[in-house]
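Remember, it's 1-based here, ligands and their atoms both numbered in the order they're listed.
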Amino acid sequence: MNVHEQLDALESTLKKALKNANTKADLQDVKAKYLGKKAELSTMMRHMKDLPAEERPAFGQKINQAKQRFAALIETRRHEIETASLNARLKEERVDVTLPAPNYRTGRVHVMNQIVESIEDLFIGMGYLVKEGPEIESDLMNFEKLNLPKDHPARDMQDTFYISDDTLLRTHTSPVQIRTMLDYGGKKPVKIICPGKVYRRDDDDATHSHQFMQIEGLVVDTNTTMSDLKGTLLEVAKAMFGEDRKIRLRPSYFPFTEPSVEVDVTCSNCDGVGCSVCKQTGYIEILGAGMVHNNVLKASGYDPEQYQGFAFGMGVERIAMLKYGIEDIRHFYTNDLRFNKQF
Ligand code: DAH
């Protein structure tokens, strides 16, 4: 066999070996066998010294050319193997976007909290702070300091769960007014709303619940007037029931305010014309309010000669029921998903 034949034979066994090499490791073995130190090409190169001097350059050139061809063949095969393995991976890892997705059920904010949060946002935008107070309250804070002494007939307006003679479940959020004013030491202006749960000894029915939510508002400053109160409540009515709403104030009575008013909003169902929702009056009562009673300011350390204030209190369930046409207050607390999911 001359050199030519020898190299051709070697090349054809290399090609066969490459065809059978399917992994990078296989390829590494083939490379070692055909181009490594113990490869036949290397052995042939080492025998070059046995040749006559004039034949050596041509021989060396042939070996080197063969080396380059072999290397190129191996490189081509490496490329093929890499492409094939990439394609296999892409195929295996392909996401089938047509598969039905698992049904993740997400929770949502309860309608009560939605209303509370939107009213909070409205008032925070007007510079109010949000304050909270305890649900287990003293008779002193819940009644006495709100100008409702022990034998006051107006205590009957709020049937109370007593824990002891002077501890109770708060019947309204108004005690947070007192706590805040006491906290402020009679010196600073106050501008707060107080959302929270309240309790009354009522028999539960479509419009009564022994536990419900209120939002209280209180502003105390040296130049607070009833028109500030009216303007503020008009903003609330518009935010809750729509830009076209109007409000009216009716004289009323609360021990903690003087004068006291009941606030009505024009019925959004009939736009004030009169319908079954507003019992043909065109108006719906939404909250109680008034100018803070002098006795309340005094009991909380504020000098009525210097400070005046307005206050208001609204029932959150009532607002939600009017806004969404909900007929039974018990829906808010029975956790029927068919109800909760609608909001
Ligand atoms: N606390 C009253 C209630 O629960 C609501 C209320 C009326 C609060 C007038 C006020 C107010 O601050 O000024 O029935």
Side-chain angles (χ1 to χ4, degrees), residues 116 119 123 128-135 137-149 152-161 168-182 190-202 207-221 224-234 236-237 247-265 285-297 299-300 302 304 307-319 329:
V116 170
I119 294 176
F123 278 98
Y128 285 66
L129 295 179
V130 178
K131 293 274 177 190
E132 288 184 347
E135 289 170 27
E137 190 48 285
S138 63
D139 187 278
L140 184 71
M141 299 289 174
N142 193 84
F143 289 130
E144 208 108 355
K145 280 184 178 288
L146 283 162
N147 199 30
L148 273 149
H152 198 290
R155 281 202 181 201
D156 296 344
M157 288 162 78
Q158 303 181 358
D159 246 331
T160 310
F161 285 115
L168 45 80
L169 293 180
R170 68 176 177 193
T171 55
H172 50 181
T173 42
S174 303
V176 189
Q177 290 187 17
I178 305 294
R179 288 180 171 276
T180 309
M181 285 192 279
L182 288 172
V190 184
K191 210 172 168 186
I192 55 162
I193 56 160
C194 326
K197 292 203 274 286
V198 301
Y199 303 84
R200 297 213 188 151
R201 270 178 49 196
D202 259 330
T207 54
H208 294 84
S209 171
H210 62 282
Q211 180 221 289
F212 57 101
M213 289 189 83
Q214 284 188 338
I215 296 179
E216 187 83 12
L218 173 69
V219 171
V220 177
D221 210 333
T224 316
T225 69
M226 193 116 182
S227 63
D228 296 324
L229 170 65
K230 190 170 181 186
T232 304
L233 296 179
L234 182 59
V236 179
I247 58 168
R248 84 178 168 193
L249 309 188
R250 271 184 297 111
S252 183
Y253 172 77
F254 298 104
F256 24 87
T257 44
E258 180 59 38
S260 302
V261 290
E262 218 114 27
V263 181
D264 300 338
V265 59
E285 185 196 322
I286 54 165
L287 52 83
M291 298 306 290
V292 181
H293 198 291
N294 280 358
N295 290 350
V296 174
L297 287 170
S300 310
Y302 278 79
Y307 286 93
Q308 317 81 43
F310 67 74
F312 56 87
M314 62 184 119
V316 183
E317 285 80 356
R318 183 164 169 77
I319 302 276
I329 195 171

Colleague: Look at R248 together with D264 and state whether they make a salt bridge at an N to O cut-off of under 4.0 Å.
Modeller: yes
Colleague: Can you see which heavy atom on K197 is nearest to which on R170, and at what distance?
Modeller: O-NE, 2.8 Å
Colleague: Going by atom types alone, do N142 and T171 pair a side-chain donor with an acceptor below 3.5 Å?
Modeller: yes
Colleague: Could you list which atoms of ligand 1 come closer than 4.0 Å to a heavy atom of G290?
Modeller: 13 (O)
Colleague: Only heavy atoms of S174, strictly under 4.0 Å: list the atoms of ligand 1 that pass.
Modeller: 1 (N), 8 (C)
Colleague: Could you point out which residue of H172, K131, E216 forms a side chain to side chain donor-acceptor pair (under 3.5 Å) with Q177?
Modeller: E216
Colleague: Within ligand 1, which atoms have a heavy atom of T257 less than 4.0 Å away?
Modeller: 13 (O)
Colleague: State the atoms of ligand 1, each with its element, that fall below the 4.0 Å cut-off from a heavy-atom position in Q158.
Modeller: 3 (C), 4 (O), 14 (O)
Colleague: I'd like to check which ligand 1 atoms, numbered from 1 as shown, lie under 4.0 Å from a non-hydrogen atom of F254.
Modeller: 7 (C), 9 (C)
Colleague: Pull out every atom of ligand 1 sitting under 4.0 Å from any heavy atom of A289, numbered as shown with elements.
Modeller: 9 (C), 11 (C), 13 (O)
Colleague: Considering H172, H293, E258, Q214 one by one, which has a heavy atom nearer to atom 1 (N) of ligand 1 than any of the others?
Modeller: H172
Colleague: Heavy atom to atom 14 (O) of ligand 1, shortest distance: which of M291, M314, R200 holds it?
Modeller: R200
Colleague: To which protein heavy atom is atom 5 (C) of ligand 1 closest, and what is the distance rounded to 0.1 Å?
Modeller: G313 CA, 4.1 Å
Colleague: Is a side-chain donor or acceptor of T160 paired with a backbone partner of Q158 at a separation under 3.5 angstrom?
Modeller: yes
Colleague: Could you check whether Y302 and Y307 have their ring centres less than 6.0 Å apart?
Modeller: yes
Colleague: Is the distance between the ring centroids of F256 and F312 less than 6.0 Å?
Modeller: no
Colleague: Please check if the side chain of R318 supplies one atom and the backbone of E285 the other of a donor-acceptor pair under 3.5 Å.
Modeller: yes
Colleague: Return the closest protein heavy atom for atom 2 (C) of ligand 1 as residue, atom name and distance.
Modeller: F256 CZ, 3.8 Å
Colleague: If every non-hydrogen atom of D228 is compared with every non-hydrogen atom of T232, which pair is closest and at what distance?
Modeller: O-OG1, 2.7 Å
Colleague: I'd like to check whether E216 has a polar contact with ligand 1, where a contact means an N/O of the residue lying under 3.5 Å from an N/O of the ligand.
Modeller: yes
Colleague: For ligand 1, which atoms sit closer than 4.0 Å to a heavy atom of Q177?
Modeller: 12 (O)
Colleague: Polar-atom distance check: A311 versus ligand 1, any N or O pair below 3.5 Å?
Modeller: yes
Colleague: Given that the side chain starts at C-beta and the backbone is N, CA, C, O, which of these parts of R170 lies under 4.0 Å from ligand 1, counting heavy atoms, or is it both or neither?
Modeller: neither
